[in-house]
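Only one structure is covered here, and it is reproduced in the block below.
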Amino acid sequence: MKQKGFHTHLKNILILVLPFLAAALLPAQSTTHQYQATSALIANPERGWYDDYYSHSGGANLGTTYHPLSRRMMVESRVDDKITLVLRLFYLHEFLELDQVSAEYLQRMQSDFDSIRAAGVKCIVRFAYSASQSAAVWDATPEKVYSHIESLREVLQANGDIIAGVQAGFIGAWGEWYYTKNFAKPGFGTDSTHQANRRTLVEKLLEILPEHVSVQGRTPAIMKNLAGTTDPISAEEAFDGSFKSRIGHHNDCFLADATDYGTYTKLEADLAYLGETTKYTITGGETCDASNNYSDCVNSIPRMSELHWTYLNRDYNRAVYRKWEEQGCLGEVDISLGYRISLVSATLADSAVPGSPVNLSFRFLSSGYAAPTQYKPIQVVLTHTVTGERSLMEYSGTNDDIRFWLPGEIQSEGTVDIPAGLPEGNYTVALRFPDKDPQLAENPAYSIQLANAGTWEEESGINLLHHIVTVGSGGEGSLPLAPADLEATTVSETQIDLTWSDGSDDETGFEIMRAQGEGNSWESLVTLDPDVETFSDTVARKGTYYSYIIRAVNGYGASAWSDSATAATLGVSVQHTNMPSMEIFPNPLKGGNLTIRFGERAERQVRITTLSGMLIYTTSTRETNLEIDRGLFRTGVYLVTLTRGNDREIRKLVVL
């Protein structure tokens, strides 16, 4: 009887346990989703244009009035202009003969950092003692500088969360390491003592700064002398906390001439060194001369790509930026400085068991000039469709450090652990890239927004994946199916008609987005009632290309976007000012062939190269439309160069 009871008990246990074992051991069914990229401008942290603010004004004779930062102005710039960086130049001229920076000055610095944090932006920091080569005294003695750095320890360490980088500063007028008597010989050359003093300065800065903050040298020669080697940072050395791995670059006369006014002393070697080192450190600065062709678009875009530029002063030099606007590449720079990451596809489990891991895979495209310069964790966010409760899970897998997401395709496969106590039900799925610092992690302004249409939830800083996973036995909530067979038909000079197939029976409506001209800067066009399959866009411009996408929505979220459909209104556009001489469709290129449309019939040459300069395609043509086989391209980012006589135009092409 005892033996029989034992077997009966064991049988009952197996009946209860086996379904859970099967659910845990058998591969879960999954769904693969495709996502629509966008070329819209995004306010992502630690990249892009910056506003510069000086603590004091007065040029050769700096005044004594400290100019505090305005939180309101920084918020307006972030919201209206997508500016997420400021450069704060602290002038220490009042302390040239003193050993310490005063407590009053340090408190003013702290107030500035508080304003930066409250505004939801980050800063590049520089210190200097003079603001003109005509100043009576350019900088302090090495001993005074070291003492000043030590007195800055507490305030810099307390605010490392909002410091994106520190320019080496302190030495010379503007802190640019040239006009100096204390750190160079007459004529501004250096000997071993000067080099040792310069290295000591940077060592002291790095010692008090958080490990994720780099110090940026003004020239490659300075960077090499500081690092003690001419070898660039390798992938193995990147972010390892060593002195060498924390030396970045800033260039305050970018694109001025062949040497950027002396920034490069051995051009080919310096560019090769920077091309590697800047993969893993922050790089930026300002332009300073628009008078020659070095700052033309056709030269600027490849150079910024080659040197992985992350940030640029939007105030100087505006003559260069006017040139970029006239030549048609300013918008390209807007969206490409630093990192720009879009989600191409995701394969997500349809069901999950509490207390068990779930497999996921993602395909991203990095299409900016650089990778992110600061680490951010990747989190999966599950939101219960009934209660709205959210659960955060850390994602780990291949390629899960975004600081290595250089331009190109990134494939990541990994897992998240579903908490054992997670309530059963249906959950929507999202991705989150928060700041790693606890002070900033819950502020959505410091989370990364993927460059995709209709995925960003601004109030929480998450990227919606438009997928529902069933946990345990599940519950309420499902997403509508995506519309299919979207077509766009030209009707008149101002009207394009859309038709599609409604594939769902539970939608509460449809959302349509539209992009004008070249690219895919999607904007919301209209929200329609459920069960409709036609729409007329009657607010289109004459003689203009438009692209459209549509998705179904309900109370639980949205379907995937449809494939895009493109059509042009009749007539010749009346918008002649600054019209591009070529338009590229589709861009990003996902399926089918590439089409380049030209504004008029004329002899021209078209070249398509990779960012590294490898030739992919070249032809000469007089036609107004050029079709190029999709089979020529791998997934990645390319440069399309149009040459007509002495004029050249360059555009970026993204291939998915």
Side-chain angles (χ1 to χ4, degrees), residues 42-48 78 82 84-85 116-117 120-124 159-165 209-214 235 238-241 245-246 248 279-284 308 310-311 337-344 346 360 362-382 390-408 410-416 429-452 455-465:
I42 294 171
N44 266 331
E46 301 134 17
R47 62 150 300 276
R78 177 173 60 81
K82 313 304 181 188
T84 62
L85 274 175
I116 290 168
R117 190 179 292 104
V121 301
K122 291 199 175 185
C123 60
I124 305 295
N159 297 285
D161 59 322
I162 53 167
I163 297 177
L209 290 167
E211 190 174 294
H212 69 273
V213 178
S214 296
F239 313 112
D240 66 3
S245 72
R246 297 177 66 193
K279 290 179 179 178
Y280 312 112
T281 55
I282 189 168
T283 304
H308 308 100
T310 286
Y311 66 86
L337 282 167
Y339 63 90
R340 186 176 183 87
I341 300 165
S342 57
L343 180 59
V344 179
L360 310 95
F362 302 99
R363 183 179 166 214
F364 298 96
L365 182 71
S366 174
S367 58
Y369 298 143
T373 58
Q374 296 194 1
Y375 174 79
K376 294 182 189 295
I378 304 175
Q379 296 176 339
V380 172
V381 184
L382 299 186
R390 283 192 163 156
S391 300
L392 301 178
M393 283 142 278
E394 299 295 325
Y395 172 82
S396 62
T398 58
N399 295 321
D400 60 1
D401 188 339
I402 65 171
R403 295 174 298 181
F404 291 91
W405 288 12
L406 290 160
I410 299 99
Q411 185 77 34
S412 181
E413 298 179 356
T415 61
V416 294
V429 185
L431 276 180
R432 182 176 183 242
F433 303 83
D435 197 278
K436 72 180 183 64
D437 193 284
Q439 290 191 88
L440 306 180
E442 300 308 314
N443 186 339
Y446 293 107
S447 292
I448 291 178
Q449 176 182 351
L450 296 175
N452 292 101
T455 58
W456 180 242
E457 189 176 276
E458 185 174 2
E459 63 272 16
S460 58
I462 64 174
N463 299 274
L464 302 171
L465 300 184

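Each residue takes its place number in the sequence, starting with 1. The figures here come from the full heavy-atom set of this structure, side chains too, leaving out hydrogens, waters and symmetry mates. What you see is a predicted model, and the numbers here were worked out from it, not measured in a lab.
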For [X], give me all partners under salt bridge (charged side-chain N to carboxylate O under 4.0 Å, His left out), at least two apart in sequence or on another chain.
{"X": "K376", "answer": "E46, D435"}
{"X": "D240", "answer": "none"}
{"X": "D400", "answer": "none"}

[X] side chain near [Y] side chain, heavy-atom distance below 4.5 Å:
{"X": "S342", "Y": "L450", "result": "no"}
{"X": "Y339", "Y": "I402", "result": "no"}
{"X": "T310", "Y": "T283", "result": "no"}
{"X": "I116", "Y": "N159", "result": "no"}
{"X": "K122", "Y": "L440", "result": "yes"}
{"X": "I162", "Y": "Q439", "result": "no"}
{"X": "L360", "Y": "V380", "result": "yes"}

How would you list, by chain and number, every residue that makes a side chain to side chain donor-acceptor pair (under 3.5 Å) with E442, sequence neighbours excluded?
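For E442 the side chain to side chain donor-acceptor pair (under 3.5 Å) partners, ignoring immediate neighbours, are R432.
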Residues in ring-ring contact (aromatic ring centres under 6.0 Å, His included) with F433, at least two apart?
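None.
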Once ring-ring contact (aromatic ring centres under 6.0 Å, His included) is applied, do any residues pair with F362, and if so which ones, sequence neighbours excluded?
F364, Y395
[X] versus [Y], closest heavy-atom pair with distance:
{"X": "C123", "Y": "L85", "answer": "N-CD2, 4.2 Å"}
{"X": "G338", "Y": "R47", "answer": "CA-CB, 4.1 Å"}
{"X": "W405", "Y": "I341", "answer": "CE3-CD1, 3.7 Å"}
{"X": "Y375", "Y": "D401", "answer": "CD1-OD1, 3.6 Å"}
{"X": "S447", "Y": "P45", "answer": "O-CD, 3.6 Å"}
{"X": "A164", "Y": "Q374", "answer": "CA-NE2, 3.3 Å"}

Quick one: does [X]'s side chain have a donor or acceptor within less than 3.5 Å of a partner on [Y]'s backbone?
{"X": "N44", "Y": "T84", "answer": "no"}
{"X": "H308", "Y": "L406", "answer": "no"}
{"X": "R246", "Y": "G241", "answer": "no"}
{"X": "N399", "Y": "S412", "answer": "no"}

Quick one: [atom1] on [X] to [atom2] on [Y], what's the gap to the nearest 0.5 Å?
{"X": "Y446", "Y": "D161", "atom1": "OH", "atom2": "CG", "value": "7.5 Å"}
{"X": "R403", "Y": "T281", "atom1": "CZ", "atom2": "OG1", "value": "12.5 Å"}
{"X": "L343", "Y": "T455", "atom1": "CG", "atom2": "OG1", "value": "8.0 Å"}
{"X": "I448", "Y": "L431", "atom1": "CD1", "atom2": "CG", "value": "11.0 Å"}

Go through it in stages, so that I can follow the logic: the residues are L337 and Y369, the test is side chain to side chain contact (heavy atoms under 4.5 Å, CB included), and I'd like the CA-CA distance, side-chain angles, deciding distance and then a yes or no.
CA-CA 6 Å; L337 282 167; Y369 298 143; 4.3 Å; yes
Tell me, with the steps shown, if N443 and R117 meet side chain to side chain contact (heavy atoms under 4.5 Å, CB included).
CA-CA 10 Å; N443 186 339; R117 190 179 292 104; over 6 Å; no
Would you call the rings of F239 and F404 parallel, tilted or perpendicular, taking 30° and 60° as the class edges?
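Ring orientation, 0 to 90° scale: perpendicular.
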What do you reckon, is CD of E394 surrounded by more than 12 foreign heavy atoms closer than 6.0 Å?
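Counting other residues, nucleotides and ligands, CD of E394 exceeds 12 neighbours.
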